[in-house]
Amino acid sequence: MSVELILKEKIKKAFAKLGIEIDSEAIVIECSKDKSHGDYATNAALKFSSLLKKNPRESASLIVEQIETSGLDKIEIAGPGFINFFVKKDSLVSVISKIINDGIAYGNGENKNNRINVEFVSANPTGDLHLGHARNAAIGDSLARILKKAGNDVTREYYLNDAGNQIDNLALSIEARYQELFGRDVTIGDNMYHGADIIEIAKHIKKLHGDKFLDNKNALKFFKTFGMDEELKKINKDLELFRVKFDVYSYETKVRANDAVLKEIDFLKNHTYKDGDAIVLRTTDFVDDKDRVIVKSNGEYTYFLPDIVYHVNKLSRGFDSLIDVLGADHHGYINRMKSALMMHGYKEDVLDIELIQMVRIFQNGEEVKLSKRTGNTITLRELCEEVGVDAVRYFFVARSASAHLDFNIDLAREQSNSNPVYYAQYAYARLTSVLEQAKDIPLDQSGSLLKESAEMDLVKVLVDYPNVIQDAANKKEPAIITNYIQKLATSVHSFYTACRIIDKDNITLTSNRLALSEAARIVMNNALDLIGVNAPNKM
RNA sequence: GCCCUCGUAGCUCAGUUGGAUAGAGCAACGGCCUUCUAAGCCGUAGGUCAGGCGUUCGAAUCGCCUCGAGGGUACCA
């Protein structure tokens with residue numbers, strides 16, 4: 001059990017002795033920022049003083065009298081009524097042997113028996129993944145890793161809208177380029193795809209099939225599936241480069257098979273009304289602020305309807321909850337989809353939509369304006385080639401998803417200390433190097449000789465790791481992990497500078513410090529992996 | 001108009017679910033390499049937490065108003 005949990009239990013029991021039951025979730029334990037405030041502190045006396053009918057300081061002393069003191073050096077009451085805990089060194093340093101024994105499993109949450117489906121990227125296979133997809137991929141994948149680490153059963157899913165207009169336009173674009181290869185006059189319309197990738201696909205088809213599809217009734221159908229496969233192959237190659245892998249690909253055409261959409265309309269009939277020839281879903285009965293059209297006057301479906309079918313499909317596969325990672329422009333989508341799922345009897349929070357704010361690119365101190373129309377775009381591949389996968393993944397996750405991200409290309413490209421990725425990777429490389437040089441010296445996991453403040457600070461950061469994972473998972477916020485990585489790197493560098501690790505004249509101390517180094521190395525590797533960043537042995 | 005996200009050091013951002021003297025990194029300044037990687041460490045300086053009112057023992061955090069940035073408000077996807 002972690003130190004924090006032990007303290008929570010102690011506080012809970014102290015309250016119980018005073019005749020008050022409180023939930024241990026409600027007890028807040030903080031790591032003290034100031035050493036004179038002990039190792040950990042709680043505001044429980046302040047928070048619950050009204051229950052004790054005493055002022056905060058009096059409450060604090062009542063509680064302190066009841067706290068069982070094993071594992072503690074002393075307890076102090078300070079300020080308006082904080083209770084400060086000075087923890088015995090042994091209870092802190094025991095984390096070293098725990099980390100070394102658990103290895104990569106350190107920080108794993110208990111199995112929650114909770115199946116979560118995380119859907120992200122889901123870009124239409126009509127061209128390269130661009131900047132927005134890159135942030136989506138970085139955050140979605142990191143989130144999946146974190147949720148898994150926290151003890152959930154996670155499935156990564158990619159949804160392909162292969163029934164929509166985009167795919168038709170893709171087929172038309174390929175057809176035009178294909179005919180062009182045979183010298184025909186073609187015009188590429190505004191809603192068609194102008195990219196060079198389309199020309200490549202057309203050439204590929206010509207090479208494989210010659211003029212077979214020049215005047216062929218089935219040409220468009222073929223261009224559609226062939227083009228989509230080609231584009232998806234490229235997307236997957238880019239994603240692989242970006243260290244993102246999906247467990248499941250869902251095709252809209254398959255989701256819609258067996259009249260699933262018609263059945264859905266029938267299922268929803270008690271929640272719909274007609275507006276002219278259109279069918280409108282009464283989402284305002286639930287959590288939406290406006291009713292939504294699901295079938296247009298011309299009989300076509302809006303995208304919303306098959307999307308409902310898709311979400312119901314996901315839930316029918318046995319997931320306890322769904323997460324969609326979407327761009328911030330999908331804001332209006334959240335409540336209408338939740339409403340639709342509530343019509344199916346699901347709770348509002350069965351679906352969680354993580355909105356990702358826009359990325360702005362800065363170069364030479366100026367914003368780079370991107371536009372698909374003018375062809376001025378940046379693809380995920382270009383970005384990775386330009387600044388490296390580690391830097392891109394780190395930067396795209398390091399800011400809270402709900403915050404706009406200004407991505408400074410010059411900074412990310414810079415292989416210098418102004419780049420936070422290198423700061424963390426360097427800490428890892430230093431530890432690895434020391435451990436390699438001292439590989440003949442056995443580790444002493446007892447921590448009995450550790451006493452320097454730099455050593456104990458590092459130990460406390462390591463103790464904190466499992467809590468950080470739970471926190472990041474609960475808040476669905478990968479940026480919490482990067483914040484932790486920075487803190488850990490700082491502690492490692494301070495320790496490294498303040499304490500000489502290998503000392504041939506003091507092998508016992510060396511063994512202690514090597515064990516601490518190994519523990520820190522394991523946790524750093526572990527944390528970097530959660531955001532998909534490599535931990536290099538050398539830099 | 002209405003809804004959402006946001007506004008914290010010169011820049012980019014944290015801030016542990018209302019707590020003690022608001023913190024990092026970069027940029028600036030001053031120190032530290034005969035020994036494990038100086039891509040590092042230690043220190044100095046830098047703040048009207050956009051502004052105002054309120055809630056209470058206590059507010060960057062909660063509520064209301066104002067100002068400012070971005071997004072949404074489609075029978076587009």
Side-chain angles (χ1 to χ4, degrees), chain A residues 25-26 28-34 36-37 41-43 46-47 49 55-57 78-82 84 124 161 164-166 275-280 289-290 292-304 306-307 327-335 355 357-358 360 362 365 395 398-408 411 414-427 429-438 454 464 467-468 471 474-475 479-480 482-483 486-487 489-490 492-504 510 513-514 517 538-539:
Chain A
E25 286 296 305
V28 177
I29 302 281
E30 328 188 286
C31 277
S32 305
K33 291 165 207 156
D34 187 332
S36 67
H37 295 152
T42 183
N43 63 355
L46 291 154
K47 202 170 171 184
S49 62
N55 74 41
R57 280 200 71 110
F82 289 101
N84 294 334
N124 285 324
N161 292 96
N165 293 331
Q166 268 91 350
D275 179 10
D277 290 329
I279 300 177
V280 186
D289 53 3
K290 203 177 163 186
R292 307 289 170 176
V293 173
I294 53 173
V295 180
K296 306 183 209 172
S297 319
N298 63 8
E300 285 176 18
Y301 308 139
T302 61
Y303 81 102
F304 180 40
D307 260 19
D329 53 337
H330 286 71
H331 176 258
Y333 183 90
I334 299 177
N335 285 336
L355 291 184
Q357 284 289 348
M358 303 293 158
R360 290 190 299 179
F362 283 78
F395 273 80
R399 300 286 164 252
S400 164
S402 61
H404 294 255
L405 179 76
D406 289 337
F407 187 75
N408 186 329
L411 176 64
E414 209 172 312
Q415 308 232 335
S416 78
N417 56 354
S418 55
N419 194 328
V421 190
Y422 292 93
Y423 184 74
Q425 291 183 322
Y426 183 44
R430 277 178 138 182
L431 293 173
T432 309
S433 167
V434 172
L435 286 159
E436 172 62 25
Q437 287 171 55
D464 205 26
N467 299 321
V468 171
D471 194 31
N474 290 339
K475 292 179 181 156
I480 290 173
T482 53
N483 289 338
Q486 287 304 299
K487 212 197 291 180
T490 300
V492 166
H493 286 307
S494 296
F495 162 65
Y496 184 94
T497 309
C499 304
R500 184 162 175 89
I501 297 167
I502 301 173
D503 181 355
K504 292 261 160 40
T510 299
R513 287 181 170 166
L514 284 172
S517 304
K538 272 187 189 159
M539 283 177 76

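Reminder, nothing fancy here: chain letters follow the sequence lines and each chain counts from 1. The analysis underlying the following values was restricted to heavy atoms, covering all of them including side chains, and did not include hydrogens, waters or symmetry mates.
- Taking atom CZ on A:R500 and atom C1' on B:U37, their separation rounds to 12 Å, with Å as the unit.
- Here A:R430 reaches the OP1 or OP2 of B:A38: one of its side-chain N or O atoms lies under 4.0 Å away.
- Using atom P as the reference point in both B:A20 and B:A60, the two lie 9 Å apart (nearest Å).
- In this structure, A:Q486 does not reach the B:G23 phosphate: none of its side-chain N or O atoms is under 4.0 Å from OP1 or OP2.
- Considering only the side chain of A:I501, B:C36 comes nearest among B:C41, B:C36, B:A39.
- At distances below 3.5 Å, not a single donor-acceptor pair connects side-chain atoms of A:T42 with backbone N or O atoms of A:I29.
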Quick one, give me the B/S/- string for nucleotides 4-17 of chain B, reading 5' to 3', where B means a protein heavy atom under 4.0 Å from the base and S means that only happens at the primed atoms, P, OP1 or OP2. SS------SSS-BS

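- Across all strands, A:Y333 comes closer than 4.0 Å to no nucleic acid atom at all (heavy-atom distances).
- Between the CZ atom of A:F395 and the P atom of B:G25 there is a distance of 15 Å, rounded to whole Å.
- Between B:U17 and B:C11, the distance separating the two C1' atoms is 29 Å to the nearest Å.
- Annotation: A:K47, atom NZ; neighbour count of heavy atoms from other residues, nucleotides and ligands within 6.0 Å is above 12.
- Taking atom CD of residue A:Q437 and atom P of nucleotide B:C36, one finds them 8 Å apart after rounding to whole Å.
- Taking the ring centre of A:F304 as origin, the terminal cationic atom of A:R292 falls outside the region bounded by 6.0 Å and 45° from the ring axis.
- Taking the six-membered ring for Trp and thresholds of 30 and 60 degrees, A:Y333 and A:Y303 have nearly parallel ring planes, at less than 30 degrees apart.
- Closest to the side chain of A:H330, out of B:A77, B:U37, B:A20, is B:A77.
- A donor-acceptor pair is defined here as one N or O able to donate and one able to accept, closer than 3.5 Å; no such pair exists between the side chain of A:R430 and the backbone of A:Q425.
- Base orientation for B:C62: anti, the chi torsion being more than 90° from 0.
- A gap of 33 Å separates the C1' atoms of B:G46 and B:G63, to the nearest Å.
- Looking only at side-chain heavy atoms (C-beta outward), A:L435 and A:L514 come within less than 4.5 Å of each other.
- Using atom P as the reference point in both B:C62 and B:U44, the two lie 32 Å apart (nearest Å).
- In this structure, the CG atom of A:N335 is 10 Å from the C1' atom of B:C3, given to the nearest Å.
- Backbone-only engagement by A:K290 is indicated by non-hydrogen atom pairs under 4.0 Å involving sugar-phosphate atoms exclusively.
- For A:T302 (side chain) and A:V293 (main-chain N/O), a donor-acceptor pair under 3.5 Å exists by modelled atom type.
- Residue contacts shown for A:A438 are absent, as no nucleic acid heavy atom lies under 4.0 Å away.
- Taking every side-chain heavy atom of A:H493 into account, B:C41 is the closest of B:A39, B:C41, B:A77.
- Listed by chain and number, the residues in a side chain to side chain donor-acceptor pair (under 3.5 Å) with A:N84 amount to none (sequence neighbours excluded).
- Contact detail for A:P80 and A:P56: the closest heavy-atom pair is O-CB, 3.4 Å.
- Rounded to a whole angstrom, the distance from the P atom of B:C67 to that of B:A14 is 26 Å.
- Residue-level contact check: A:D275 touches the bases, meaning some heavy atom is under 4.0 Å from a base atom.
- Between B:G68 and B:C49, the two C1' atoms lie 16 Å apart (nearest whole Å).
- Within 4.0 Å of A:N84, counting heavy atoms only, lies at least one base atom of the nucleic acid.
- Listed pair A:Y423 / B:C41 meets the phosphate criterion, a side-chain N or O lying under 4.0 Å from OP1 or OP2.
- In this structure, A:F495 places its CZ atom 15 Å from P of B:C36, rounding to the nearest Å.
- Taking only side-chain nitrogens and oxygens, A:T497 never comes nearer than 4.0 Å to OP1 or OP2 of B:C32.
- A distance of about 23 Å separates the P atoms of B:C13 and B:A22, rounded to the whole Å.
- Of the two residues contacting RNA chain B, namely A:A429 and A:D289, the nearest-nucleotide position lying further toward the 5' end is that of A:D289.
- For B:C36, the base has no donor-acceptor partner in the side chain of A:S433 [N/O atoms by modelled type, under 3.5 angstrom].
- Residues A:D471 and A:K475 are in side-chain contact: their nearest non-hydrogen atoms beyond the backbone lie under 4.5 Å apart.
- Base pairing in RNA chain B gives the following stems of 3 or more Watson-Crick or G-U pairs, range against range and under 3.5 Å: B:1-7 with B:67-73, B:10-13 with B:23-26, B:28-32 with B:40-44, B:50-54 with B:62-66.
- Donor-acceptor pairing under 3.5 Å, judged by distance alone, is present between the side chain of A:Y303 and the base of B:A77.
- For the pair A:Y426 OH and B:C41 C1', the interatomic distance rounds to 10 Å; values are reported in whole Å.
- For A:E300 and A:T490, each mapped to the nucleotide of RNA chain B holding its nearest heavy atom, the one lying further toward the 5' end belongs to A:T490.
- Atom NE2 in A:H37 sits roughly 12 Å away from atom P in B:G23 (whole-Å rounding).
- Remark: the A:T490 side chain and the A:Y423 side chain contain an N/O donor-acceptor pair separated by less than 3.5 Å.
- Between the side chain of A:S433 and the main chain of A:A429, no donor-acceptor pair closer than 3.5 Å is present.
- Residue A:Y496 contributes atom OH, which lies 17 Å from atom C1' of B:C42 at whole-angstrom precision.
- In the set B:U37, B:G40, B:C75, B:C75 carries the atom at the smallest distance from any side-chain atom of A:K296.
- Only the C1' atoms considered, B:G58 is 15 Å distant from B:G54, to the nearest whole Å.
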